[in-house]
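To start, the structure under review is shown below, and the notes come after it.
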Amino acid sequence: MDLLQFRWFGGWLVSSVKVLMTETWDTIADWYVERVRTGSAMHEFARDVLLDGLPADLDGQRILDLGCGEGLITRALALRGGSVVGIDPSPRMIGHAQTAEQASPSGALYAVDDGASPATVAAGSVEWVTAGLSLNNVPDLAAAIRAVRRVLVPGGRLVFTIPHPCFEAPHARWSLGADEPPGRVVGNYFAEGFWRSVNPVGARRAGNQHRMLSTYVTSLVEHGFVIESVAEPAPDARVVGEHPLRAGLPPFLLVSGLRS
Ligand SMILES: C[S@@+](CC[C@H](N)C(=O)[O-])C[C@H]1O[C@@H](n2cnc3c(N)ncnc32)[C@H](O)[C@@H]1O
């Protein structure tokens with residue numbers, strides 16, 4: 001490599017790292033939507049895990065889908081008969097959700113809004129709040145749980161999934177078995193807070209919040225929810241087919257809480 005090439009490579013490397021360090025859900029929205037809509041086993045499994053936590057018939061039920069992204073779960077809830085509003089702070093995600101709704105109407109509505117302070121959702125206006133892989137993106141969990149409590153009717157339910165925090169702790173990685181046994185390598189589980197993956201083709205390059213499992217459960221209880229169920233479903237055959245090392249670990253945690 002001559003000096004000119006070296007300088008070019010150095011400049012490219014620095015600008016690539018800078019781009020990675022400033023990615024947000026809005027800047028990766030087009031990439032994410034393409035991934036979800038071309039048949040992602042993990043995303044469809046995550047959707048099904050959450051849907052399994054809800055009744056098959058949602059006729060007459062009002063639902064807020066918090067952190068709806070491009071509407072994968074929102075559409076499914078509407079097709080079960082629910083009156084669903086999906087909110088997400090990323091205008092680009094909401095744009096994709098609305099375009100999909102126009103192309104194939106399900107009845108779902110969408111708004112750009114923050115899950116920790118939803119200005120577009122009235123107090124006591126929904127029977128259900130769903131949050132698929134989104135609470136781990138909200139910086140202030142207590143504010144989000146308070147907001148969920150505000151919009152739910154008494155007796156309403158919050159059902160959410162998050163990447164399983166025990167195995168998806170900051171910078172957890174796969175060992176492929178060269179120098180260590182094959183499996184998941186997890187570093188500091190106790191290091192709560194914001195972290196950003198350096199994987200240039202991973203969703204967590206947009207950054208996310210790591211919290212211990214107990215933090216989620218405690219926050220729900222502290223804000224007047226009764227925990228009704230906690231589940232750690234085994235990955236389905238498609239997920240394992242794509243990534244055999246996932247066979248022995250639950251990728252997602254599902255929690256259901258009743259608003260007192
Ligand atoms: C992994 S995507 C999940 C999208 C969708 N729920 C699904 O299952 O396909 C995470 C979403 O959380 C959203 N998000 C980030 N911060 C948020 C916040 N403060 N309130 C609500 N959603 C947020 C992101 O914009 C992104 O669309």
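One-based numbering along the sequence shown. Both counts, for ligands and for their atoms, begin at 1 and track the order of listing.
Looking from atom 2 (S) of ligand 1 to the surrounding protein, the closest heavy atom is Y32 OH, 3.5 Å. Taking atom 12 (O) of ligand 1 as the reference point, the nearest protein heavy-atom neighbour is S134 CB, 3.6 Å. In terms of protein heavy-atom proximity, atom 15 (C) of ligand 1 is nearest to N137 CB, 3.5 Å. What sits closest to atom 20 (N) of ligand 1 on the protein, heavy atoms only, is G115 N, 2.9 Å. For atom 24 (C) of ligand 1, the closest heavy atom belonging to the protein is W25 CG, 3.4 Å. Among all non-hydrogen protein atoms, the one lying nearest atom 5 (C) of ligand 1 is C68 O, 3.3 Å. At the shortest separation from atom 19 (N) of ligand 1 among protein heavy atoms lies D114 OD1, 3.0 Å. Ranking protein heavy atoms by distance to atom 17 (C) of ligand 1, first place goes to P89 CG, 3.4 Å.
Around atom 3 (C) of ligand 1, the closest heavy atom drawn from G132, A131, G69, P163 belongs to G132.
Per-residue contacts place V138 under 4.0 angstrom from the following atoms of ligand 1 (heavy atoms of the residue considered): 18 (C), 19 (N), 20 (N). In summary, the atoms of ligand 1 found under 4.0 Å from a heavy atom of M93, numbered by their order in the structure, are 27 (O).
Under the rule for a ring pair (Phe, Tyr, Trp, His ring centres under 6.0 Å), the partners of Y32 that lie at least two apart in sequence or sit in another chain are W25, H43.
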Using the side-chain hydrogen bond (donor to acceptor under 3.5 Å, both in side chains) rule, take H210 and N136 through it: C-alpha gap first, then chi angles, then the decisive distance, then the call. CA-CA 7 Å; H210 172 65; N136 56 301; over 6 Å; no
Criterion salt bridge (Lys or Arg N to Asp or Glu O under 4.0 Å) on D57 and R80, from CA distance to verdict: CA-CA 5 Å; D57 183 2; R80 284 189 180 187; over 6 Å; no
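Within the structure, ligand 1 has D88 among the residues with a heavy atom less than 4.0 angstrom away. Residue contact annotation: H43 has no non-hydrogen atom under 4.0 Å from ligand 1. No heavy atom of A46 sits closer than 4.0 Å to any atom of ligand 1.
When non-hydrogen atoms are compared, ligand 1 lies under 4.0 Å from the side chain of I73 (C-beta onward) but not from its backbone.
Considering backbone and side-chain N/O of G67, one or more are found under 3.5 Å from N/O of ligand 1.
Listed by first and then second residue, the salt bridge (Lys or Arg N to Asp or Glu O under 4.0 Å) pairs involving residues 146-171 are R157-E228, E168-R184, E168-R204, E168-R246 (not counting sequence neighbours).
Put simply, the side chain of E101 never gets that close to the backbone of L109: no donor and acceptor are under 3.5 Å apart. Although no hydrogens or angles enter the test, the distance criterion places no donor-acceptor pair under 3.5 Å between the side chain of T27 and the main chain of E23. Listed for the S260 side chain is a donor-acceptor partner under 3.5 Å among the backbone atoms of G224.
Using the six-membered ring where Trp is involved, W195 and H171 have ring planes that are perpendicular, over 60° apart on the 30 and 60° scheme. The aromatic rings of Y216 and F160 sit tilted relative to each other, their planes meeting at an angle between 30° and 60°.
Shortest non-hydrogen contact noted between I87 and P118 is CD1-CB, 3.8 Å.
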